[in-house]
Amino acid sequence: MSTLTEPAKPTGHPEPPVPVATASGYRASRTLPLRVELARQLKRRRTLVMGAILGALPFVLAIAFAIGGEPGGGEGGNRINLMDTATASGANFAAVNLFVSAGFLLVVPVALFCGDTVASEASWASLRYLLAAPVPRARLLWSKLVVGLGLSLAAMVLLPVVALLVGTAAYGWGPLEIPTGGALDAGTAAQRLVVIVGYVFVSQLVTAGLAFWLSTKTDAPLGAVGGAVGLTIVGNVLDAVTALGDWRDFLPAHWQFAWADAIQPTPEYSGMIQGTAVSVTYAVVLFALAFRGFAHKDVVS
């Protein structure tokens with residue numbers, strides 16, 4: 001005689017979630033360490049080429065001055081600028097290298113290191129394998145962003161350091177002569193150059209943010225890098241439109257040469273403070289958009 005069993009009655013308590021199996025010793029915070037990502041980026045050809053270009057610029061300028069003679073005073077000799085004092089000392093030569101490269105040349109490594117980092121993984125079809133390792137998305141972006149910014153800062157330090165060495169060898173170690181009159185002793189000049197490099201890096205955070213955000217939106221590294229450089233150029237063009245008036249104060253490009261106020265007997269930092277506030281604000285928004293968008297992105301490459 002068969003017996004019927006009653007179905008189990010619900011107890012009113014939800015079933016506990018099934019734990020997700022993870023490998024023994026797995027820690028999300030230990031995935032893709034910075035040293036591993038840094039080693040990967042340093043070995044890439046574009047990093048070596050960019051370093052060679054920045055390192056060669058001071059030599060090119062020194063040769064140009066040797067061939068063309070002492071820098072003049074502009075058209076008719078009536079205009080005085082920083083370029084006129086380029087051969088006065090090694091410190092002047094380093095400042096001139098920053099002056100001629102801050103507007104565009106230093107934009108390129110920032111856009112390259114921050115814009116190529118995620119998009120290149122997608123173009124190589126290795127991004128999904130990194131996430132399946134598993135590397136958390138936020139961890140992956142954080143590692144790549146820190147390394148990209150670190151390489152950008154290294155590029156900006158490399159140029160004035162090489163320029164200071166080349167300039168000192170060619171023109172001697174001495175005070176930094178101010179175009180409008182006066183001079184800064186060598187020790188003070190070195191401190192001011194450190195401040196200038198720091199400000200140039202902060203002013204380029206907008207380009208870094210643009211490049212990094214675009215890198216999370218496209219699988220084409222050239223599109224991310226070119227887009228960031230192009231938008232930076234657009235900002236420079238808009239800053240030249242004087243009809244915009246006070247609206248130009250909200251453009252990062254408007255403050256990119258505010259560091260020139262540091263090369264004065266009594267430095268003025270108000271412009272650099274305003275430029276820092278504008279750049280950091282834009283950069284934080286762009287970095288946040290990159291993290292937020294990538295967290296929900298359907299990664300198929």
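A quick note: this is a predicted structure, and the numbers were derived from the prediction, not measured.
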Residues two or more places apart in sequence or in another chain: which of them pass side chain to side chain contact (heavy atoms under 4.5 Å, CB included) with L38? L42, V147, L151
Only counting residues at least two apart or in another chain, list the ones meeting side chain to side chain contact (heavy atoms under 4.5 Å, CB included) with Q274. W255
May I ask whether M156 and F59 are part of the same hydrophobic cluster, defined by side-chain heavy atoms of I, L, V, M, F, W, Y residues being less than 4.5 angstrom apart, directly or through others? yes
Give a yes or no on whether the backbone of [Y] and the side-chain of [X] come within a donor-acceptor separation of less than 3.5 Å.
X    : Y    : answer
S215 : A119 : yes
T232 : A228 : yes
T216 : W213 : yes
S120 : P221 : no
T47  : Q41  : yes

Positive for side-chain contact (heavy atoms from CB on, under 4.5 Å) with V162, one of L165, L158, L159: L158
Tell me who clusters with W173, hydrophobic residues only, linked when side chains sit under 4.5 Å apart either directly or through other members. L164
Is the closest side-chain heavy-atom distance between [X] and [Y] below 4.5 Å?
X    : Y    : value
R40  : K144 : yes
V234 : L238 : yes
V229 : L112 : no

Considering all heavy atoms of both residues, which atom of [X] and which atom of [Y] are nearest to each other, and what is their separation?
X    : Y    : answer
L214 : T218 : O-CG2, 3.0 Å
G235 : L251 : O-CD1, 4.2 Å
A262 : M272 : CB-SD, 4.3 Å
Q204 : V110 : O-CG1, 3.6 Å
S152 : P109 : OG-O, 4.1 Å
S279 : S203 : OG-CA, 3.6 Å

Check: residues 94-102 side-chain donor-acceptor pairs under 3.5 Å, at least two apart:
from : atom 1 : to  : atom 2 : distance (Å)
N97  : ND2    : F93 : O      : 2.7
S101 : OG     : N97 : O      : 2.6

Using distance only, find each side-chain donor-acceptor pair of residues 239-249 under 3.5 Å and give its atom names and separation, not counting sequence neighbours.
from : atom 1 : to   : atom 2 : distance (Å)
D239 : OD1    : H254 : ND1    : 2.7
R248 : NH1    : D239 : O      : 2.8
D249 : OD1    : H254 : NE2    : 3.4

Drop me the distance from F65's CZ to I67's CD1, to the nearest 0.5 angstrom.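 That separation rounds to 12.0 Å.
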Supply the atom-to-atom distance Y199 OH to F257 CZ, rounded to the nearest 0.5 angstrom. 10.5 Å
Donor-acceptor pairs are to be reported for all side-chain atoms of residues 280-290 against protein atoms at under 3.5 Å, with residues two or more places apart or in another chain.
from : atom 1 : to   : atom 2 : distance (Å)
T281 : OG1    : A277 : O      : 2.7
Y282 : OH     : F250 : O      : 2.8

